[in-house]
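What follows is a set of notes on a single structure, which appears directly below.
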Amino acid sequence: MYLKQSEATDCIELQQVHDGDGVIKRRKIFMKSSHLPVIIEIWEMDVGVSEGNHTHPDGDSAPFDSGVPFPIEEIYYINEGSGVMNVDGEEIKITAGDAVMVPPGSDHGIYNTGNNPMKFTIIWGKPDTV
């Protein structure tokens, strides 16, 4: 048996994230069905929208609901558009085809500074070792 999701029919949440500017369209990929130890989402940000710089204090493990906080590692893969990521004070220009890995405890955020909407895949979970 297999499961299939479609962008045309998936529920997309609109949220302001980490005190960023504007709202981000968030599409959860098999959130309730997958047993993998990661969360996968597709995010879309219009021009000028940002996630806002943040850290995951004390290994914030939400939304894993394990009751035990653990550090998370995040991977951002840029599908469309361009912008800037800030990781521990370093500004990194990003464009379609780029991937950025953010280690546990790093201060980070993503900003659409391009001329078109930006769409990216974000994956996060507990690394094997910290």
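Worth saying up front: this structure is predicted, and the values here are computed from it rather than measured.
No side-chain heavy atom of Glu44 sits under 4.5 Å from any side-chain heavy atom of Met118. At a threshold of 4.5 Å between non-hydrogen side-chain atoms, the residues Phe30 and His35 do not count as touching. Using a 4.5 Å heavy-atom cutoff, the side chains of Val84 and Ile92 are not in contact. The shortest distance between side-chain heavy atoms of Val102 and Ile122 does not fall below 4.5 Å. Between Ile123 and Tyr77, the closest side-chain pair of non-hydrogen atoms is not below 4.5 Å. No side-chain heavy atom of Val47 sits less than 4.5 Å from a side-chain heavy atom of Met45. When side chains are defined from C-beta on, Gln15 does not count as touching Lys25, because their heavy atoms never get closer than 4.5 Å. Side-chain contact between Asn86 and Tyr111 is present, with at least one heavy-atom pair separated by less than 4.5 Å.
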Quiz item: When you look at Asn112 and Ser50, which way does the side chain to side chain donor-acceptor pair (under 3.5 Å) test go after all the steps?
Solution: CA-CA 6 Å; Asn112 183 350; Ser50 66; over 6 Å; no
Exercise. Dump the intermediate steps for side chain to side chain contact (heavy atoms under 4.5 Å, CB included) on Val49 and Glu51, then the final yes or no.
Key: CA-CA 7 Å; Val49 172; Glu51 175 189 27; over 6 Å; no
Self-check item: Working for side chain to side chain contact (heavy atoms under 4.5 Å, CB included), residues Ile42 and Ile29
Solution: CA-CA 7 Å; Ile42 308 297; Ile29 305 297; 3.9 Å; yes
Quiz item: side chain to side chain contact (heavy atoms under 4.5 Å, CB included) between Trp124 and Ile40: does it pass, once the steps are laid out?
Solution: CA-CA 7 Å; Trp124 69 94; Ile40 303 170; over 6 Å; no
Self-check item: side chain to side chain contact (heavy atoms under 4.5 Å, CB included) assessment of Ile72 paired with Lys126
Solution: CA-CA 5 Å; Ile72 63 171; Lys126 180 180 180 182; 5.7 Å; no
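Separating the CH2 atom in Trp43 from the NZ atom in Lys28 is a distance of 8.5 Å, to the nearest 0.5 Å. With values rounded to the nearest 0.5 angstrom, Glu80 atom CD is found 9.5 Å from Asn116 atom CG. Between the OG atom in Ser6 and the NZ atom in Lys4 there is a gap of 5.5 Å [rounded to 0.5 Å]. Summarising the geometry, atom CD1 belonging to Ile12 is positioned 11.0 Å from atom CD belonging to Glu41; distances are rounded to the nearest 0.5 Å.
Nearest heavy atoms, Thr55 versus Gly105: CG2-O, 4.0 Å. Pairing each heavy atom of Ile110 with each of Ile94, the nearest pair is CD1-CD1, 3.6 Å. The two residues Pro71 and Pro127 have their closest heavy-atom pair at O-CD, 3.3 Å. What you find for Gly48 and Asp21 is that their closest heavy atoms are O-CB, 3.9 Å.
Shown here is Asp19, whose CG atom has no more than 12 heavy atoms of other residues, nucleotides or ligands within 6.0 Å.
Both Ile39 and Val100 belong to a common hydrophobic cluster when Ile, Leu, Val, Met, Phe, Trp and Tyr are linked at side-chain heavy-atom distances under 4.5 angstrom. When the side chains of ILVMFWY residues are joined at heavy-atom separations under 4.5 Å, either directly or via intervening members, Val38 and Leu3 end up in a single hydrophobic cluster.
A salt bridge between Arg26 and Glu13 is absent, with no side-chain N of the basic residue lying under 4.0 Å from a carboxylate O of the acidic one. Salt bridge present: Lys119 and Glu7 bring a charged side-chain N and a carboxylate O closer than 4.0 Å.
Applying the side chain to side chain donor-acceptor pair (under 3.5 Å) definition to pairs two or more places apart or across chains, those involving residues 88-100 are Asp88-Ser106.
Under the 3.5 Å distance criterion, the side-chain polar atoms of Asn79 are matched with a main-chain donor or acceptor of Thr121.
Aromatic pair His108/His18: ring centres not closer than 6.0 Å.
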